[in-house]
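First the proteins, then the strands, lettered A, B, ... as listed; each starts at 1.
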There are 2 protein chains.
Amino acid sequence: MTTSREQIIEKTCELLEIQGYHGTGLNQIVKESGSPKGSLYYYFPGGKEELAVEAIQQAGTMVLKRIRHNLSLVDDPAIAIREFIMNIAINVERSGYAKGGPITTIALETASSSEQLRAVCDQIYQDWQKAFSEKLQTVHLPERAASMSTLIIAAIEGGVILCRTSKSRNPLERIAEEIYFLVGS
Amino acid sequence: MTTSREQIIEKTCELLEIQGYHGTGLNQIVKESGSPKGSLYYYFPGGKEELAVEAIQQAGTMVLKRIRHNLSLVDDPAIAIREFIMNIAINVERSGYAKGGPITTIALETASSSEQLRAVCDQIYQDWQKAFSEKLQTVHLPERAASMSTLIIAAIEGGVILCRTSKSRNPLERIAEEIYFLVGS
DNA sequence: GTCTATACACTGATAGAC
DNA sequence: GTCTATCAGTGTATAGAC
């Protein structure tokens with residue numbers, strides 16, 4: 001069972017990822033989600049900002065689950081993380097270089113203009129960082145695991161930008177290899 | 001001597017960096033730059049897109065010069081790059097976490113919607129990558145230098161996002177240290 | 001709960017006087 | 001070259017019928 005509310009959030013996640021916050025209009029969301037505009041403000045009285053907060057939260061949580069799941073498949077952190085990044089590269093390519101980094105654009109666009117959205121993005125990045133850090137602590141000291149995790153997340157976010165901009169999965173593939181060296185050494 | 005044209009470009013660079021492409025209106029650019037709207041379309045008949053292309057190009061070139069200059073100050077690539085990243089961290093903090101990554105947001109926002117802007121951002125990233133790569137080739141093989149450079153640029157772009165989102169210069173500082181280990185090993 | 005109609009500000013862009 | 005006035009379109013948000 002898919003409610004109107006869920007359809008709206010789902011479509012918002014997709015459009016925000018491709019077009020960003022200011023590039024995505026509410027009209028487009030209601031039109032493409034097939035839900036009526038009346039429902040949008042019924043479910044999200046706070047308007048666009050509230051809707052974006054929920055969408056970003058959902059997208060961030062889904063990615064967190066994927067990180068945890070993928071990293072649990074392989075014992076060696078270096079290999080597990082390399083494969084995870086390689087998967088992202090393939091997914092970015094599959095989307096025609098339109099998707100990848102579901103919260104990246106919003107984090108940048110709204111960091112200075114919406115305290116709410118900034119805080120949500122900040123929390124999500126912290127959650128991701130913790131997930132990588134826990135895995136890395138099986139072979140590294142906690143402090144080093146923490147800084148490695150920060151580098152990994154930054155490199156993935158930046159790598160997605162380079163892939164989308166160059167229309168090539170090559171940047172993330174190179175990054176995956178370099179991170180593999182760093183984590184394994 | 002500062003012409004209207006230069007004032008407009010200057011202000012556009014600043015606003016695009018803080019607010020992104022869709023978040024920045026032409027009225028705001030005209031108003032804050034002190035130039036008349038009539039001049040905008042006189043100098044940039046292609047409208048917003050043409051103006052953004054010139055602004056991005058100028059910002060990208062300035063960064064390229066800064067990369068080359070900073071990397072030339074120290075012989076050891078590992079130290080030079082670490083100091084460069086540390087400087088970025090300080091500058092992001094100084095701007096109140098509003099600036100940093102003059103082309104990042106535009107690259108993400110327009111990669112799928114404007115072929116012109118995508119191409120310009122792509123070229124700029126390639127120029128930056130080449131600058132790092134040349135420095136790294138003094139101690140690494142060409143292929144390795146290339147992939148390290150890609151990681152460095154991605155890590156900086158992503159690191160700026162993390163700093164702005166968390167309102168802390170800590171992420172870029174951690175990243176600087178990790179990159180130092182990687183390049184120096 | 002859902003839908004239509006609409007208010008009202010603002011967008012990018014243009015025309016024409018000066 | 002510069003400026004004002006203004007266009008058509010779209011943005012978010014709201015009101016009120018059903």
Whole-Å gap separating P (C:dT4) and NZ (A:Lys31): 14 Å
Whole-Å gap separating C1' (C:dT2) and CD (A:Gln7): 13 Å
Which atom pairs, one a donor and one an acceptor, fall under 3.5 Å between side chains of residues 162-173 of chain B and the rest of the protein, sequence neighbours left out?
from     : atom 1 : to       : atom 2 : distance (Å)
B:Arg164 : NE     : B:Ala98  : O      : 3.4
B:Arg164 : NH1    : B:Glu17  : O      : 3.4
B:Arg164 : NH1    : B:Gly100 : O      : 3.2
B:Arg164 : NH2    : B:Ala98  : O      : 2.7
B:Thr165 : OG1    : B:Ile161 : O      : 2.8
B:Ser166 : OG     : B:Leu162 : O      : 2.7
B:Ser168 : OG     : B:Asn170 : N      : 2.9
B:Arg169 : NE     : B:Glu173 : OE2    : 2.5
B:Arg169 : NH1    : B:Glu93  : OE1    : 2.8
B:Asn170 : OD1    : B:Arg174 : NE     : 3.2

B:Asn87-B:Glu83 side chain donor-acceptor pair, cut-off 3.5 Å: no
Sugar-phosphate only, base, or nothing, as touched by A:Tyr43 at under 4.0 Å among non-hydrogen atoms: sugar-phosphate
Heavy-atom side-chain contact between B:Leu182 and A:Leu151 under 4.5 Å: no
Annotated protein contacts, base or backbone, on nucleotides 3-18 of chain D with a non-hydrogen cut-off under 4.0 Å, one of B, S, - each: B-------SBBB----
Any residue meeting side-chain contact (heavy atoms from CB on, under 4.5 Å) with A:Ser35, in chain and number order, not counting sequence neighbours: A:Ser4, A:Gln7, A:Ile8, A:Ser33
Test item: side-chain donor near acceptor, B:Ser114 and B:Glu49, under 3.5 Å: yes
